[in-house]
Amino acid sequence: MKDIIIAPSILASNFGKLATEITAVDKAGADWIHLDIMDGHFVPNLSFGPPVIKVVRGASAKVFDVHLMVSNPDRHLESYAEAGADFITVHAEACLQLERTVSRIRELGCRAGVALKPDTAPDCLAFILDRIDLVLVMTVNPGFGGQSFISAMVGKIAIVKEMIGERDILIQVDGGINVETAGVVAAAGANALVAGTAIFSGKDASAYAENITAIRQAVVSSGIKGQ
Ligand code: DX5
Ligand code: ZN
């Protein structure tokens with residue numbers, strides 16, 4: 001059984017002191033740092049891009065997990081790799097030639113992930129499973145933090161797990177993950193949990209460790225081994 005990875009989404013952090021927030025959540029026990037890129041086209045919201053990632057890269061030595069919610073991600077893969085991304089995850093719905101895109105991500109020296117919106121069936125993964133390192137099952141519609149978990153995604157996680165079989169591919173979930181939902185998704189097969197609101201809420205950085213521990217504990221209580 002793979003250990004559970006907790007990846008705080010900095011979308012919910014204080015952008016006014018982003019580097020400090022990343023260091024704080026790293027020290028609080030984050031396994032990865034999840035960076036949500038939104039282009040105002042693929043999703044209605046806008047966030048930040050490679051120059052921002054570049055300046056905060058030094059704030060943590062942990063894995064930088066870049067989630068591209070952008071149209072035509074191929075145009076920018078090199079910039080994200082150069083900015084310091086370790087994982088680059090693209091949306092299947094945004095790629096005209098998904099196989100080409102994930103192969104390019106690996107060529108750039110990064111690990112490749114494919115994200116699926118809640119209404120996207122996992123069939124598109126079937127013939128590229130040997131070229132990817134992560135499947136991101138979106139548990140909300142991408143674009144905003146603080147939305148409610150879509151429980152129908154639990155069955156999709158189980159389907160993806162079955163498709164992956166013994167391959168070394170992580171199953172990530174993103175959206176509405178908190179102490180109530182973490183155990184359910186982990187029991188279904190998710191092993192990389194993104195959480196924004198549930199980790200960054202609280203008065204200040206002193207709450208982050210407690211929030212991360214609570215999610216880990218929820219996973220352990222569900223019978224899945226935590227990291
Ligand atoms: C949603 C983003 C998420 C988001 C999660 O489009 O991909 O990473 O920040 O936020 P919470 O945990 O608040 O649902
Ligand atoms: Zn995300």
Side-chain angles (χ1 to χ4, degrees), residues 1-7 9 30-34 62-69 73-74 77 80-81 85-142 149-177 181-195 215-216 218-227:
M1 173 116 18
K2 286 173 190 155
D3 289 336
I4 295 287
I5 291 161
I6 307 278
S9 162
D31 298 306
W32 293 0
I33 306 297
H34 184 82
K62 301 263 168 83
V63 164
F64 266 30
D65 170 34
V66 174
H67 176 192
L68 295 184
M69 286 164 275
D74 303 75
L77 296 176
Y80 286 101
D86 296 298
F87 275 75
I88 298 180
T89 296
V90 293
H91 268 267
E93 307 85 3
C95 298
L96 289 173
Q97 291 149 332
L98 186 56
E99 191 279 335
R100 178 177 283 176
T101 304
V102 294
S103 297
R104 178 71 185 137
I105 293 171
R106 281 186 165 182
E107 267 172 29
L108 289 166
C110 298
R111 305 277 185 98
V114 176
L116 306 173
K117 292 200 282 191
D119 54 2
T120 302
D123 311 33
C124 59
L125 303 172
F127 299 102
I128 56 164
L129 287 170
D130 294 327
R131 304 203 187 287
I132 62 175
D133 304 287
L134 177 149
V135 175
L136 168 50
V137 177
M138 288 301 298
T139 41
V140 299
N141 281 293
F149 178 79
I150 300 173
S151 56
M153 295 303 105
V154 175
K156 187 157 144 186
I157 295 164
I159 293 169
V160 170
K161 182 179 159 70
E162 179 79 24
M163 288 177 79
I164 287 173
E166 292 305 306
R167 293 179 183 84
D168 191 16
I169 300 175
L170 291 161
I171 302 178
Q172 186 174 57
V173 285
D174 185 2
I177 303 301
T181 54
V184 185
V185 292
N191 41 31
L193 274 49
V194 176
I215 293 173
R216 260 191 231 289
V219 171
V220 173
S221 307
S222 77
I224 305 294
K225 189 172 158 261
Q227 201 170 41

Quick one: are [X] and [Y] in side-chain contact, heavy atoms under 4.5 Å?
{"X": "Val66", "Y": "Leu68", "result": "yes"}
{"X": "Thr89", "Y": "Val114", "result": "no"}
{"X": "Val90", "Y": "Leu77", "result": "yes"}
{"X": "Met138", "Y": "Leu116", "result": "no"}
{"X": "Asn141", "Y": "Pro118", "result": "yes"}
{"X": "Leu193", "Y": "Val219", "result": "yes"}
{"X": "Val173", "Y": "Val194", "result": "no"}

Inset, instruction - Go through Arg216 and Asp31 one step at a time and tell me if the salt bridge (charged side-chain N to carboxylate O under 4.0 Å, His left out) criterion holds. - result: CA-CA 11 Å; Arg216 260 191 231 289; Asp31 298 306; 3.2 Å; yes
Rounded distance (nearest 0.5 Å) linking atom [atom1] of [X] with atom [atom2] of [Y]:
{"X": "Arg131", "Y": "Leu125", "atom1": "CZ", "atom2": "CG", "value": "14.0 Å"}
{"X": "Ile33", "Y": "Asp65", "atom1": "CD1", "atom2": "CG", "value": "9.5 Å"}
{"X": "Leu129", "Y": "Met163", "atom1": "CG", "atom2": "CE", "value": "5.5 Å"}
{"X": "Cys110", "Y": "Ile88", "atom1": "SG", "atom2": "CD1", "value": "4.0 Å"}
{"X": "Leu170", "Y": "Asp168", "atom1": "CG", "atom2": "CG", "value": "7.0 Å"}
{"X": "Ile171", "Y": "Ile159", "atom1": "CD1", "atom2": "CD1", "value": "11.0 Å"}

Legend entry - Donor-acceptor contact below 3.5 Å, side chain Thr139 vs main chain Ser151: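 No: the side chain of Thr139 does not pair with the backbone of Ser151.
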Inset, instruction - Examine distances only and state if a side-chain atom of Ser222 and a backbone atom of Ala187 form a donor-acceptor pair shorter than 3.5 Å. - result: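 No; zero donor-acceptor contacts below 3.5 Å.
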Residue pair [X] / [Y]: nearest heavy atoms and the distance that separates them:
{"X": "Pro73", "Y": "Ala94", "value": "CD-O, 3.5 Å"}
{"X": "Ala30", "Y": "Lys62", "value": "O-NZ, 2.8 Å"}
{"X": "Ile215", "Y": "Ala182", "value": "CG2-CB, 3.9 Å"}
{"X": "Val135", "Y": "Ile132", "value": "CG2-CD1, 3.8 Å"}

Legend entry - Pairs where residues 114-123 contributes a residue and the test side chain to side chain donor-acceptor pair (under 3.5 Å) is met, not counting sequence neighbours: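 Passing the test, one end in residues 114-123: Glu93-Thr120.
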Inset, instruction - Could you name each residue pair satisfying side chain to side chain donor-acceptor pair (under 3.5 Å) that touches residues 154-163, not counting sequence neighbours? - result: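 For residues 154-163: none.
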Inset, instruction - Check whether the side chains of Gln97 and Thr101 place a donor and an acceptor atom closer than 3.5 Å, and report yes or no. - result: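 No, Thr101 and Gln97 have no side-chain donor paired with an acceptor closer than 3.5 Å.
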Inset, instruction - Decide whether Gln172 and Asn191 meet the rule of one side-chain donor and one side-chain acceptor closer than 3.5 Å. - result: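 Not at all, the side chains of Gln172 and Asn191 share no donor-acceptor pair under 3.5 Å.
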Legend entry - Partner of Phe87 by ring-ring contact (aromatic ring centres under 6.0 Å, His included), out of Trp32, Phe64, Tyr80: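 When Trp32, Phe64, Tyr80 are each tested with Phe87, the ring-ring contact (aromatic ring centres under 6.0 Å, His included) holds only for Trp32.
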Inset, instruction - State whether Arg167 and Asp133 are salt-bridged, where the test is any N-O pair (Lys NZ or Arg NE/NH1/NH2 against Asp/Glu carboxylate O) under 4.0 Å. - result: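 No.
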Legend entry - Test log, rule salt bridge (charged side-chain N to carboxylate O under 4.0 Å, His left out), inputs Arg100 and Asp74: CA-CA 9 Å; Arg100 178 177 283 176; Asp74 303 75; over 6 Å; no
Legend entry - Qualifying ring pair (Phe, Tyr, Trp, His ring centres under 6.0 Å) pairs with a residue from residues 90-141, counting only residues at least two apart or across chains: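 Passing the test, one end in residues 90-141: Phe42-His91, His67-His91.
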